[in-house]
Every structure is written in structure tokens, then in C-alpha cells.
Amino acid sequence: MALIIHNTLTRNKQPFEPLIKGKVGIYVCGVTVYDHSHLGHAKSAINFDLIVRYLRYKGYDVTHITNFTDVDDKIIARANEMGIEPLELSRTMIEKYHKDMSSLKVKRADVYPKASETIPDMISMVSGLIERGYAYESNGSVYFSVSKAKEYGKLSGQSLDQMVAGARIEPGEDKRDPMDFALWKAAKPGEVFWESPWGKGRPGWHIECSAMCLKHIGKTVDIHGGGTDLVFPHHENEILQSEAYNDAPYVRYWMHNGMLTIDSEKMSKSLKNFFSIEDILKKYAPEVLRFFILNASYRAPLDYDEGSLDETKKALEKLQNSYGSMKNAISLASGTDDAKALTEKAMTDFEARMDDDFSSREAIAVMYDLTREANRLHSDGRLSKQGAENVVAVLDKFNDLFDVLTDRKTNVVKEDNVSASEQVSAEVSGENLDDVSADELADEGRIRFWVLRRETARKTKDFAYADRIRNKLAEFGIDIQDSKEGAVWKRK
RNA sequence: GCCGGGGUGACAGAGCGGCCAUGUGGCGGACUGCAGAUCCGCAUACAGGAGUUCAAAUCUCCUCCCCGGCCCCA
């Protein structure tokens, strides 16, 4: 089936056709690095992580670019407060960003261009725009003249007339028209600056993305992504600059992720209602966070509140449990059903959902359907070893994209994998349960020993003792569950 | 004010013309020594009003409410 993508430009879903067959150039707006990343940034990164992974899954040769804005008013202001150089601050924050994202298992982009390293490209673009009559210099700054633009507002639906009503010129700006925007800003005393044909200064915000797209992908990029908050004016202005400079369509598909909200309000640094990724990961596994984000539509706003991650954690455990039990069943199942009918349907449905604008939540629903059916086969004793393998293979494919299941080891203690000596020692040994220590249980053999003792106790209907063993091991984070295939233990 | 996106069962969140979403929670049942896991079943769901249609949560119009953007922002 063919992939369709929702394009902000047309506000419709369209079949995806890259400029060059088989290749995709995707540019995703990155962050302004003046502070730690929060959950909202994680949402954007994880949404696009899945999109890129799925494009690769579909066989496209993908070039993924994400920028860092490391030259900006807020960075300068923060650095001044801290008494350090702006680029030093941004360098630290970039490192932190990479660290956070890798702890969330976000795959790296192919290139992370920085504004500070793209200055010459921006300068030549600005010069070109002046030459072509789209921009003008004024007191050391350069502005893009919106009155020269042919199609103002085609992405956001804004019209110039309406915008002009509310716009005003800030003191110290030298614009001819209030809606004009800065391509290059003359340096104020004491600020970082670069030399340019217009004197000392630094680039405006919008120009960096245009320059980076051109440099790393080309005149036309297949997919340009970012948060919905960037649609206007950032992306709108990028279109104006790039199309004026390149004489080519700038972007084929605009993709915008919905904002993460907290108690229904947008999470943002300025509102001070954010949670840093680092803090959240102290309480929850990265898989839980990924699942929370992927278990929703990338385009819709996603509301976070106190209980959402706890609920997500339970929901994910359901899949994880099935994954674990299917893995065990590969060696232990005894039925004859190879589950082919299930797994083939699951794969078809899964891809159909993902092909429909990366509907991850629906794709997840398909996985729940699959595991429910597989669990039923398994508990009815109908699932074969091959069947378990087939189910695991599908879940692994799913997981290559979503990265939410872990290979956490579960261990089955069952008659036919227990040696005679283990059995004897479990029966005759008189060791004291109260002396059990974490050190002892570091040895899996000792865990098996206690699990076997418990089995023996259960056989002789000494349930009080069996329960004491289970409770004792639980104190050390070892969870024992009885199943038809024997006792299963795992470290929590 | 202008431009977008929404209002779905206890809750979270899909679907966008006819058929079961899915998950969490609740209740009942199966299995089990117990626990857990798993399975099965149950619950006045589609903001309100009018219309189109054989058929509407899904299309059209109106009303009400929420969120985002319009300075920076994923």
C-alpha cells in the first residue's frame, strides 16, 4: 500500500511522492539551545523519530536533518546572566540535548547543522535576496520585503491585510513595512557578531532553516517538519525566502506535530510549566515515555497530567507481558497452530495504519489485537513453537519502529529444565529463608533453588511456606508467577 | 478580532457515511491453593439544534464551549 501524508499546506492527506524516486530529504526544526529539553521537545523528537524510521522501513533512502539554533536573543541573554559566552552555553545545551534524546532512544539525524556554522551560507542567501530585489539593507540590518512576495500566507492562511492591522515597528528597527522580517540583524554593542557585507551582525531566525535546507538537501525538500507553533511566522517566512531565492517550490509536504499540553495548557519554557526529560526519566522508563507519545496522533495536541504515565505504564506492560510470554513459548509451547493467520493479518493491518499518515495509535491497537488473539491460543494450549516465533517476529518488527518493548529476561523453571541434582538439593536442603540476601540472589542458581523449594512446598500443600518464599524474593525485586508452563520468575 | 485544530462511553484517546476501535478503571465470570498474568462478558459514547441520505459520531448550515498561532517557542 502507498503512504499518504497529511500536508499542512493543503490541509489534506496526499499520496507521498518524493522529488526523486526512492529518496527522501526531511528537515525537522530543532531547538533553540538555551535551556534543558522538556517533554514537549521529546514529543516532537519522538514523533519525527517514528516518521523517519517508518520511511526507512518502507525502503526509502532518507536524509534527515535537524538544526540547532545556537545564535539567538535568548541564548545571549541567558549567557550574559551566567557570565559565559553564548556559544559555550549553547554547546553545553547541545550535548545535553543529545544525551536526553539518546536516553529516549531517539535515533540520530544524519546531520545537526548549527546556525553558527552556517553563517557564510546565510550571508550568500541574504545577498542574493537583496540582488533579486526581495530584501533591503537598512542601518546594518537586512529585511525581507513582504510586499514583494507573491504568495503571502499560503501555509498559515493568514492574509497580509489582516496582519498589518496589528503589526507595529519596534523602536530601533528600520523596516519599511511593519510585516517585513529580519534576515540579518546589526549587532548591538557587546553582542556576538559575524562580519558581513552590511557590517557586524548576526542572522535572523528564519534564514537559518532556509540556508540549511538548501545546503544539506537542496532547493526542494520532500518533508519539512516542526511543531504547529512554528507554522506562523517561522515556516511562512522560510517559504518566502527560499522560493524567492531558489525559484523552486521549497517544500513538498509540511508536517506539523501537535503541542504537548499540561492540564490543557501548552507546555513551554516561558510559561514555566514544563518537566525536563531528565526529571521524568528518574521516575519512568524511557519506553513508557515513548509509548505515551506514540499512543496518540502526532498531529493532535497531547495532554499530560499527573496520572498519564502511570496509566501508560500499565498499558505498555500488557504488551510487554505478552511479548515475554511469547518468547518463552518459543521453547515451551506444545500446540499445533502456527498463528500464521493472525500474524499475517496483523502485519497487513499494521502497515495499512502506518501508511495512513503514520497513525501510530491505530498501529498499536493492531498490536493489542494480535497479542490478545495470540494469548488466547497460548492459554488454550493451541499455539505451536513456530506460532510463538511468528508472533515474536511481528512484535520485533513493530518494536524496530516504536522501540517500546524491552528484552527483559523472564525465566521459566519447569520440570524438564530442572536437573536431578537441583531437584534433590531443593528437597533436602534445610537452609533458612530468613538469611536470604541480595548477594545470594545475584546468583541465578540460587533463585532457581528457592523457586524449586517453593514448587516442592506447593506439591506437599505447604502453601504457607510457598507464600513466604514468594514474599521473601519479592523483597529483593524478584517476581514469581505460576503459569501452566511452570513457575516464571523475573527481576522487576 | 483574524487564521488553524478540536468537542466521542468513568477516564485517555481512534474512527470521519452502513460493520468490534484500543487501552486504563469498574462490575460479573473462566482459570488458579492464593497472588499475578491471561481469556470471556457487561455498562443510556459520539457538545446542542436544524438539514442532506435508504443509512450520520462521520456530510451541510447554525449555536455553544475548549485549545493553538498572530513577540519567542517543538
Side-chain angles (χ1 to χ4, degrees), chain A residues 8 11 28-32 34-35 37-48 66 69 72-74 77 153 155-159 161-163 165-168 170 179 205 225-236 256-261 264-271 274 291-292 295-297 299-305 307-308 310-319 321-322 324-325 353 356 359-369 371-380 410 457-458 461-464 466-467 470-471 474 479-484 488:
Chain A
T8 310
R11 294 196 191 90
V28 181
C29 279
V31 293
T32 303
Y34 70 98
D35 205 342
S37 304
H38 61 61
L39 204 52
H41 300 120
K43 178 175 187 301
S44 183
I46 290 171
N47 285 151
F48 283 101
T66 288
T69 302
D72 147 281
D73 290 339
K74 276 192 262 199
L155 182 65
S156 60
Q158 303 283 337
S159 87
D161 300 342
Q162 283 153 200
M163 301 307 303
R168 63 202 171 93
E170 293 294 322
M179 288 311 294
W205 176 37
T228 52
D229 54 350
L230 299 180
V231 173
F232 187 89
H234 184 53
H235 289 335
E236 196 72 71
H256 294 281
N257 66 274
M259 294 293 102
L260 186 98
T261 59
S264 296
E265 287 219 311
K266 179 180 163 189
M267 177 178 286
S268 77
K269 290 173 189 170
S270 38
L271 290 173
F274 61 90
F291 199 63
F292 173 63
N295 201 193
S297 153
R299 284 198 281 136
L302 176 60
D303 195 48
Y304 171 88
D305 68 44
S308 15
D310 288 322
E311 189 182 320
T312 302
K313 188 176 171 202
K314 285 178 200 151
L316 178 57
E317 264 165 17
K318 192 178 173 76
L319 275 184
N321 285 340
S322 182
S325 92
R353 308 302 172 92
D356 182 8
S359 300
S360 54
R361 190 172 221 283
E362 286 194 72
I364 287 171
V366 171
M367 290 300 119
Y368 278 111
D369 286 337
T371 53
R372 189 194 327 106
E373 303 278 338
N375 287 340
R376 180 161 49 199
L377 282 185
H378 187 36
S379 60
D380 290 352
T410 59
R458 290 178 70 219
K461 304 250 191 273
D462 184 357
F463 296 120
D467 290 347
R470 186 168 60 198
N471 292 336
D479 180 49
I480 302 173
Q481 292 184 11
D482 299 321
S483 79
K484 56 187 301 182
V488 178

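Protein chains get the first letters and strands the later ones, always in sequence-line order, with residue 1 at the start of each. Everything numeric here is computed off the predicted structure, so don't read it as measured data.
- For B:C19 and B:C31, the C1' atoms lie 32 Å apart once the distance is rounded to whole Å.
- Rounded to whole Å, atom C1' of B:U38 lies 15 Å from atom CG of A:Asp479.
- Going from the C1' atom of B:C67 to that of B:C34 covers 49 Å, rounded to whole Å.
- B:U38 atom C1' lies 14 Å from atom OH of A:Tyr368, rounded to whole Å.
- Side-chain proximity of A:Thr228 to the nucleotides B:U24, B:G68, B:C70 is greatest for B:G68.
- For A:Ser379, taking side-chain heavy atoms from C-beta onward, the closest of the listed nucleotides B:U22, B:C40, B:U38 is B:U38.
- A:Asn321 comes within 4.0 angstrom of sugar-phosphate atoms only, judged by non-hydrogen atoms across all strands, and of no base.
- Note on A:Lys461: nothing from the nucleic acid sits closer than 4.0 angstrom, heavy atoms only.
- The main-chain N or O of A:Arg353 is never found under 3.5 Å from a side-chain atom of A:Glu362 such that the two would form a donor-acceptor pair.
- Residues A:Asp467 and A:Arg470 are paired through a salt bridge, judged by an N-O separation under 4.0 Å between the basic side chain and the carboxylate.
- Between the CZ atom of A:Arg361 and the P atom of B:U8 there is a distance of 14 Å, given to the nearest Å.
- Ranking B:G33, B:A21, B:U38 by closeness to the A:Lys318 side chain, first place goes to B:U38.
- Among the protein residues, A:Ala365 comes within range of the nucleic acid bases, having at least one heavy atom under 4.0 Å from a base atom.
- The main-chain N or O of A:His41 is never found under 3.5 Å from a side-chain atom of A:Ser44 such that the two would form a donor-acceptor pair.
- What separates CZ of A:Phe292 from P of B:A12 is a distance of 12 Å, to the nearest Å.
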Derivation and outcome, salt bridge (charged side-chain N to carboxylate O under 4.0 Å, His left out), residues A:Glu373 and A:Arg376: CA-CA 5 Å; A:Glu373 303 278 338; A:Arg376 180 161 49 199; 3.1 Å; yes

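- Here A:Thr312 lies out of heavy-atom contact (under 4.0 Å) with every strand.
- The residue A:Asn375 sits close only to the backbone: its heavy atoms come under 4.0 Å of sugar-phosphate atoms, none of a base.
- Of all nucleotides listed (B:A35, B:U24, B:C72), B:U24 comes nearest to the side chain of A:Lys314.
- The residue A:Gly226 sits close only to the backbone: its heavy atoms come under 4.0 Å of sugar-phosphate atoms, none of a base.
- Note: CG (A:Leu260) to P (B:G5) measures 21 Å, nearest angstrom.
- Proximity of A:Lys266 to the phosphate of B:G69: a side-chain N or O atom is located under 4.0 Å from OP1 or OP2.
- At a threshold of 4.0 Å, the pair A:Asp35-A:Lys74 does not count as salt-bridged, since none of the basic side-chain nitrogens sits closer than that to a carboxylate oxygen.
- In this model, a side-chain donor or acceptor of A:Arg458 finds a partner on the base of B:G33 within 3.5 Å.
- The nucleotide whose nearest atom lies closest to any side-chain atom of A:Arg372 is, among B:U38, B:A74, B:C40, B:C40.
- Nucleotides B:A37 and B:A43, compared at atom P, are 24 Å apart to the nearest Å.
- Of the possible polar contacts, none joining the A:Tyr34 side chain to the A:Asp72 backbone as a donor-acceptor pair under 3.5 Å is found.
- Between A:Phe232 and B:G69, no base-stacking contact is recorded for ring centres under 5.5 Å apart and planes less than 30° from parallel.
- Here the P atom of nucleotide B:G15 and the CZ atom of A:Arg353 are 10 Å apart, to the nearest Å.
- Spacing of C1' atoms, B:C66 relative to B:G48, comes out at 15 Å, to the nearest Å.
- Base contact: A:Gln481 has a heavy atom under 4.0 Å from a base atom.
- Listed by first residue number, the stems of RNA chain B with at least three Watson-Crick or G-U pairs below 3.5 Å are B:1-7 with B:64-70, B:10-12 with B:22-24, B:26-30 with B:38-42, B:47-51 with B:59-63.
- Between the side chain of A:Asp369 and the base of B:C20, no donor-acceptor pair under 3.5 Å is found.
- No engagement by A:Val231 is indicated, since no non-hydrogen atom pair under 4.0 Å with the nucleic acid exists.
- At a threshold of 4.0 angstrom between heavy atoms, the contacts of A:Ser322 with the nucleic acid are absent.
- No engagement by A:Gly225 is indicated, since no non-hydrogen atom pair under 4.0 Å with the nucleic acid exists.
- Across the P atoms, B:C59 and B:G18 are found 11 Å apart, a figure rounded to whole Å.
- Between the CG atom of A:Asp303 and the P atom of B:A14 there is a distance of 12 Å, given to the nearest Å.
- Residue A:Ala300 is in sugar-phosphate contact alone, with no base atom involved, counting any heavy-atom pair closer than 4.0 Å across all strands shown.
- The aromatic rings of A:Phe292 and A:Tyr304 sit perpendicular, their planes meeting at an angle over 60°, well past the 30° parallel limit.
- To the nearest angstrom, P of B:G26 lies 12 Å from CD of A:Glu311.
- Picking from B:A74, B:U38, B:A35 the nucleotide with the shortest atom distance to the side chain of A:Arg470 gives B:A35.
- With B:C11, B:G5, B:U38 as the candidates, the nucleotide lying closest to the side chain of A:Arg11 is B:G5.
- Residue contacts shown for A:Phe463 include a base, since a base heavy atom lies under 4.0 Å away.
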